[in-house]
Amino acid sequence: MPAALSRPCLAAWATAPEPRRSIVDRQQEFVLRTIEERDIRFVRLWFTDVLGSLKSVAVAPAELEGAFAEGIGFDGSAIEGLARVSEADMLVKPDPATFTVLPWRGEHQGTGRMFCDILTPDGEPSLSDPRHVLKRTLAKAASHGLTFYTHPEIEFYLFKEEPVPGEEPIPVDKAGYFDHVPRGTTHDFRRAAISVLESMGISVEFSHHEGGPGQNEIDLRYADALSTADNIMTFRTVVKEVALEQGFFASFMPKPLVGHPGSGMHTHLSLFEGDRNAFHEAGAEFQLSKVARQFIAGILTHAAEITAVTSQWVNSYKRIWGGGEAPSYVCWGHNNRSALIRVPMYKPGKGNSTRIEYRALDSACNPYLAYALLLAAGLRGVEDGLELPEGAEDNVWELTDAERRALGIKPLPGSLESAIKAMEESELVAETLGEGVFDFFLRNKRAEWVDYRHQVTPFELRRYLHLL
């Protein structure tokens with residue numbers, strides 16, 4: 001080292017961040033070394049289609065260096081929404097920072113996995129890759145010096161066995177919210193699932209029985225939005241794998257049972273500027289900064305437009321409008337669980353915990369697209385300096401339609417068809433998703449709605465077959 005450097009300069013020089021390329025190189029070397037040391041025989045490369053379904057290709061360890069350098073080719077036109085037939089050649093390039101071992105594949109000659117980015121043949125990011133959609137939106141926040149953090153509360157149902165199509169599934173228990181059942185099936189299930197998640201480096205904050213029979217909730221710890229979206233995709237796989245091991249069937253369907261709560265994914269959101277929570281302002285009402293208030297206003301303004309993505313299935317609207325504390329109306333409130341956006345109670349001395357909770361997400365959405373749109377809507381509110389309307393203090397579900405209208409509280413879309421119409425007119429959604437994802441998503445959802453309209457449901461048969 002140059003002798004002229006003073007001791008403080010030496011320390012700064014030694015601790016200066018390494019170039020991005022060097023960090024990636026070291027991550028790749030760690031992956032290759034771990035694979036050799038742990039006798040990993042297969043590596044699964046994971047990515048997500050536009051609808052949020054997990055895709056996978058297994059490669060031998062010998063192929064990884066090439067995959068890191070150039071990616072591995074596949075037919076993108078065979079994956080929902082990724083490419084047209086004329087643009088079929090695409091590449092999956094693994095992200096070494098996401099490497100972990102799949103515990104359920106066994107210790108001996110095990111299997112690892114990495115999430116991948118989708119590239120075009122010339123090495124450019126694919127505009128139709130949901131992970132890239134989120135990365136692009138996060139980069140926009142980063143250009144303002146902001147980092148987006150999320151904390152999901154993921155609900156799902158556990159059934160005794162895989163249901164026969166057309167028959168009502170049978171929950172594993174009849175317990176309710178926070179119930180403690182001695183020797184309870186779901187206690188053991190949650191413990192096993194959490195052990196697997198934590199062995200994969202995914203931190204869990206809380207877990208408990210939810211309100212419906214066989215319904216559970218596991219909350220993941222706060223992380224940056226990209227890590228959270230990757231973790232949600234892993235979470236779904238882990239829950240289904242552990243359920244199969246125990247002879248059960250797990251489902252993230254938004255509303256699987258009539259008369260019982262649907263499964264949501266309430267998500268806590270915050271923006272940080274370095275180490276400072278940009279949502280916190282000491283002494284302000286509810287300790288919410290101007291940025292936080294504008295961010296909330298942005299989400300409320302665009303809530304209807306993004307609902308086709310945050311609640312993307314026909315069945316999602318049975319949850320939203322089926323009771324069970326699901327949010328149905330566009331409003332916010334301080335610690336008000338009937339509101340679309342809840343501002344949790346502030347704890348003195350916990351300024352960095354200031355956050356908002358968005359309650360319309362269901363646990364079957366595509367987390368990459370959903371988080372991208374929530375961030376984009378919030379940032380639009382900040383950019384446009386939107387004013388936050390008065391918060392809802394009453395139980396919004398118990399108000400009459402006239403009372404809600406007087407308060408300026410509008411409903412969320414009542415069906416997938418209504419949500420599609422709102423999304424079609426949205427410049428914000430089109431810009432955030434990009435033309436290809438926007439067009440494909442709308443085409444797919446329109447087709448789903450047409451298929452649904454053609455069905456004769458059990459409700460109709462029960463009500464009309466003998467009456468008419």
[X] to [Y] - nearest heavy-atom pair and separation:
X: Ile299; Y: Gly378; result: CG1-N, 3.9 Å
X: Pro163; Y: Pro169; result: CG-CB, 3.4 Å
X: Leu340; Y: Ala303; result: CD2-CB, 3.8 Å
X: Arg319; Y: Pro254; result: CB-O, 3.8 Å
X: Gln215; Y: Glu155; result: NE2-OE1, 3.8 Å

Check [Y] with [X], please: is the shortest side-chain N to carboxylate O separation under 4.0 Å?
X: Glu357; Y: Arg355; answer: no
X: Glu383; Y: Lys140; answer: yes
X: Glu36; Y: Arg33; answer: no
X: Arg131; Y: Asp117; answer: yes

Tell me whether the rings of Phe115 and Trp46 are parallel (<30°), tilted (30 to 60°) or perpendicular (>60°).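 Rings of Phe115 and Trp46: perpendicular, over 60°.
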
Determine the interplanar angle of the Phe159 and Tyr157 rings, folded into 0 to 90°, and report it as parallel if under 30°, tilted if 30 to 60°, perpendicular if over 60°.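 Answer is parallel, since the angle falls under 30°.
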
Donor + acceptor pair across side chains of Gln287, His280 (<3.5 Å):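 Side-chain D/A pair, Gln287 to His280: absent.
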
Looking at [X], I'd like to know if its [atom1] atom is crowded, meaning that more than 12 non-hydrogen atoms belonging to other residues, nucleotides or ligands lie closer than 6.0 Å.
X: Glu245; atom1: CD; result: yes
X: Tyr452; atom1: OH; result: no
X: Glu70; atom1: CD; result: no

side-chain contact (heavy atoms from CB on, under 4.5 Å) evaluation trace for Val31 with Gln28: CA-CA 5 Å; Val31 170; Gln28 292 176 1; 5.7 Å; no

[X] side chain to [Y] main-chain N or O, any donor-acceptor pair under 3.5 Å?
X: Thr48; Y: Ser53; value: no
X: Asp219; Y: Glu205; value: no
X: Trp449; Y: Asn444; value: no
X: Ser207; Y: Ile218; value: no
X: Asp179; Y: Gly176; value: yes
X: Thr228; Y: Asp224; value: yes
X: Lys240; Y: Phe235; value: no
X: Ser289; Y: Ala278; value: yes

Can you confirm whether [X] sits close enough to [Y] that some side-chain heavy atom of one is under 4.5 Å from a side-chain heavy atom of the other?
X: Pro121; Y: Met90; answer: no
X: Pro171; Y: Leu257; answer: yes
X: Ser126; Y: Leu119; answer: no
X: Leu375; Y: Leu271; answer: yes
X: Val204; Y: Leu220; answer: yes
X: Leu388; Y: Leu300; answer: yes
X: Val343; Y: His334; answer: yes
X: Pro103; Y: Met200; answer: yes

For His268, check ring-ring contact (aromatic ring centres under 6.0 Å, His included) against everything at least two apart and list the hits.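 His268: ring-ring contact (aromatic ring centres under 6.0 Å, His included) contacts with His151.
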
Got a second to check how far [X]'s [atom1] is from [Y]'s [atom2], nearest 0.5 Å?
X: Thr150; Y: Met265; atom1: OG1; atom2: CE; value: 8.5 Å
X: Glu153; Y: His266; atom1: CD; atom2: NE2; value: 7.0 Å
X: Ser227; Y: Ile232; atom1: OG; atom2: CD1; value: 11.0 Å
X: Asn335; Y: Met345; atom1: CG; atom2: CE; value: 4.0 Å
X: Leu379; Y: Ser143; atom1: CG; atom2: OG; value: 8.5 Å
X: Arg342; Y: Asn336; atom1: CZ; atom2: CG; value: 9.5 Å

Residue pair Phe74, Phe47: steps toward the ring pair (Phe, Tyr, Trp, His ring centres under 6.0 Å) verdict: CA-CA 12 Å; Phe74 74 105; Phe47 61 99; 5.2 Å; yes

Does anything in residues 267-280 pair up under salt bridge (charged side-chain N to carboxylate O under 4.0 Å, His left out), and if so which pairs, sequence neighbours excluded?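 The answer is Glu273-Arg276.
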
Where at least one partner belongs to residues 278-288, residue pairs that pass salt bridge (charged side-chain N to carboxylate O under 4.0 Å, His left out), sequence neighbours excluded: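 Found Glu285-Arg293.
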
What pairs meet the side chain to side chain donor-acceptor pair (under 3.5 Å) rule with one or both residues in [range], with sequence neighbours excluded?
range: residues 306-316; value: Ser316-Asp362
range: residues 417-435; value: Glu305-Ser426, Arg380-Glu427, Ser415-Ser418, Glu424-Arg446
range: residues 364-378; value: Asp230-Tyr368, Thr267-Tyr371

Assert yes or no for the condition that the ring centre distance of [X] to [Y] is strictly below 6.0 Å.
X: Tyr149; Y: Phe272; answer: yes
X: Phe279; Y: Phe295; answer: yes
X: His209; Y: His187; answer: no
X: Tyr329; Y: Trp321; answer: yes

Any chance you could lay out the side-chain contact (heavy atoms from CB on, under 4.5 Å) test for Thr111 and Val43, step after step, and finish with the verdict? CA-CA 6 Å; Thr111 301; Val43 178; over 6 Å; no

Pick one: which of Thr185, Val181, Thr186 meets side-chain contact (heavy atoms from CB on, under 4.5 Å) with Asp173?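 When Thr185, Val181, Thr186 are each tested with Asp173, the side-chain contact (heavy atoms from CB on, under 4.5 Å) holds only for Thr186.
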
Can you spot which of Val437, Leu442, Leu369, Leu373 makes a side-chain contact (heavy atoms from CB on, under 4.5 Å) with Val429?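 So, applying the side-chain contact (heavy atoms from CB on, under 4.5 Å) to Val429 and each of Val437, Leu442, Leu369, Leu373, only Leu373 qualifies.
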
Please evaluate residues Ile306 and Met423 with respect to the criterion side-chain contact (heavy atoms from CB on, under 4.5 Å), reporting the C-alpha separation (whole Å), side-chain torsions for both, the decisive distance (0.1 Å), and the verdict. CA-CA 6 Å; Ile306 69 176; Met423 178 176 165; over 6 Å; no

Does the pair Gln27 and Phe99 meet the rule for a side-chain contact (heavy atoms from CB on, under 4.5 Å), with working shown? CA-CA 9 Å; Gln27 289 171 340; Phe99 176 80; over 6 Å; no

